[in-house]
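Only a predicted model underlies this, so the values are computations on that prediction, with no experimental measurement involved. Quick note on labels: first sequence line is chain A, next is B, and so on, each numbered from 1.
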Number of protein chains: 2
Amino acid sequence: MPPKVAKRKISKKTPQKSRVRMAPSQRRELILAGAIDYFAELGFTGKTRELSERLGITQPLLYRYFPSKQVLMEEVFEIIFLDSWQKEWDALLENSSIPLKKRLVTFYQQYFEDSFSRRWIRVYLYSGLAGTGMNQKYLKMIRQRLIDPVCMALRALCSDDKNWGPISDDEREFVWVLHGSFFAYATRKYIFNHETKINFEGYLTRSIENFLDGAKANYPKLRSVKTSS
Amino acid sequence: MPPKVAKRKISKKTPQKSRVRMAPSQRRELILAGAIDYFAELGFTGKTRELSERLGITQPLLYRYFPSKQVLMEEVFEIIFLDSWQKEWDALLENSSIPLKKRLVTFYQQYFEDSFSRRWIRVYLYSGLAGTGMNQKYLKMIRQRLIDPVCMALRALCSDDKNWGPISDDEREFVWVLHGSFFAYATRKYIFNHETKINFEGYLTRSIENFLDGAKANYPKLRSVKTSS
DNA sequence: AGTTCTAATTATCAATAGATTAATTAAGCT
DNA sequence: AGCTTAATTAATCTATTGATAATTAGAACT
């Protein structure tokens, strides 16, 4: 093994890259924003050199703001997940003065813009495949803030009985069918690039209508269903 | 740049790895089977060394049977996709002497075993995220062999009118809702490790029942829907 | 038991990519 | 104008990993 002599060339005058000097917090935000786009497309195979190039900065600069690629990606995921729920939605979904159909249509119109978007879906799936624990947290949140409230609304819609007891997993799965079908739609669109020439508005409304029509007849049956393996 | 002299150490006696000598075709199959499992878990970031270790062979041996990792993975994907449709299903789905509900229940029971399995779902998503064109082919097949036949069955179920003309994308999306909700269920289970304590059989039946109940009321409306952007 | 064929192994190569370091440069505030 | 420090330049380390060349040995055949 040859002895390693650290020899560093002293540059005299070299062509300089145009340089923008930013406040650290600002630069950090910029990097994060770029990283979200980049990792949404490339996933874990994304390269720090390529990311820095897209950002118009040098690669070592990334390490001034983030100790490692791993940490950077983790922050990206966290942002994606935290940004995925608007606080107003809680009130909207539980507002029984609005017909459930209208609540759901309004909610999903917005949800498709924010969360069932290209960036979000891709990061979400990358994160799931990689086995980060983040998706669990997200699923739990969806259950608490979307699934369960809709279950309660369905109970109110389909039955006068006030004493159902705790929400069962069977009820939850009933509602997951609706949510899942939209998730699948977004996945087809953004992961598999499946194009359909439909009026999205109409599709959304019809899906929800159809779901609710079915629920009126079938949701009450879940009242007496015993959960077993 | 120092001249590179290819110097190879001549081993005299070295501890040998136990070696099994197999017929090429047999070894090939073995590698492929292992690769399916391996790449289903790890995706494109899977390493040839780790794969070979799992297989109990040395890494260079992979290259005796496959010219590159890329080619090996492509074969894996092709097998996964080709294996995902049983020929009997075509006849089953179009067999109008069986009630549609029963056809669908039977179909999805089997489909969940073969295609909405852990291995399949993961490879399918890896493939989609990586942007291989394979998913398109698969989606097209699903449309032809599942979506469209179900559309025709729904027409027969919900209306006496025999002159609907060609199937519209709105009708297809109506059916995709059902298929998509099952896809999403499998994704939740195998990608996000979401556990639910439900009776799967009952879940499947209820979902299909609910879908058909809704369809009876709402599918006929698609007859006159004009598709627009 | 030796010969031969070739499956499988051992030993590397070469390229990539995460991460670090030191010196230098220049943006923009006071 | 001077100072602070963000950012670049440039070089490099190190580990990983896809891929190849050279060597060894299993078993079928004579």
Closer than 3.5 angstrom, by distance alone: can the side chain of B/S115 be matched with the main-chain N or O of B/S84 as a donor-acceptor pair?
yes
Between CZ of A/R49 and P of C/dT20 the distance, given in whole Å, is 13 Å
Can you confirm whether the side chains of B/Q109 and B/E201 place a donor and an acceptor under 3.5 Å from each other?
yes
Would you kindly give the CG-to-P distance between B/L61 and D/dT24, to the nearest whole Å?
18 Å
Under a 3.5 Å distance rule, please check whether B/R54 uses its side chain to pair with a backbone N or O of B/G34 as donor and acceptor.
no
Tell me whether the side-chain N/O atoms of B/R27 come closer than 4.0 Å to OP1 or OP2 in C/dA8.
yes
Detail all sub-3.5 Å separations between protein N/O atoms and N/O atoms belonging to nucleotides 28-30 of chain D.
none

Tell me whether the OP1 or OP2 atom of D/dA6 has a side-chain N or O from A/R64 closer than 4.0 Å.
yes
When all nucleic acid strands are considered with a 4.0 Å heavy-atom cut-off, which category describes A/T48: base, sugar-phosphate, or nothing?
sugar-phosphate
When you check the gap from the basic side-chain N to the acidic O, do A/E173 and B/R188 get nearer than 4.0 Å?
yes
Does A/R28 come within less than 4.0 Å of A/E75, counting only side-chain N to carboxylate O?
yes
Round to a whole Å and report the spacing from CE of A/M22 to C1' of D/dT4.
18 Å
Is it the case that D/dT5 (base atoms only) and A/R21 (side chain only) share a donor and an acceptor within less than 3.5 Å, ignoring hydrogens and angles?
yes
Roughly, in whole Å, what's the span from NZ in B/K47 to P in D/dG18?
8 Å
Could you tell me the separation between the CG atom of B/L55 and the P atom of C/dA7, rounded to a whole number of Å?
17 Å
Is there a donor on the side chain of A/R19 or the base of C/dT25 sitting less than 3.5 Å from an acceptor on the other?
yes
Rounded off to whole Å, could you give me the CD-to-P distance for the B/E53 and D/dT17 pair?
12 Å
Starting at OG of B/S207, measure out to CZ of B/F182 and round the result to the nearest 0.5 Å.
4.5 Å
A/K69 NZ to C/dT20 P: how many Å, rounded?
14 Å
Counting distance alone, no hydrogens or angles: does the base of D/dA19 have a donor or acceptor under 3.5 Å from a partner atom on the side chain of B/Q59?
yes
Check the phosphate of C/dA19 against A/Y63, side-chain N and O only, distance under 4.0 Å to OP1 or OP2. Yes or no?
yes
Can you work out whether A/P60 or B/T45 has the more 5'-proximal nearest nucleotide on DNA chain D?
A/P60
When rounded to whole Å, the CG to P distance for the pair B/L51 and D/dT16 reads 18 Å
Side chains of A/S52 and A/T58: do they bring a donor and an acceptor to under 3.5 Å?
no
Please classify the nucleic acid contact of B/P24 as base, sugar-phosphate, or nothing, using heavy-atom distances under 4.0 Å.
sugar-phosphate
Aromatic centroids of B/Y126 and B/W120 separated by under 6.0 Å:
no
Counting the atoms with a prime plus P, OP1 and OP2 as sugar-phosphate, which does A/Y65 contact under 4.0 Å by heavy atoms, base, sugar-phosphate, or nothing?
sugar-phosphate
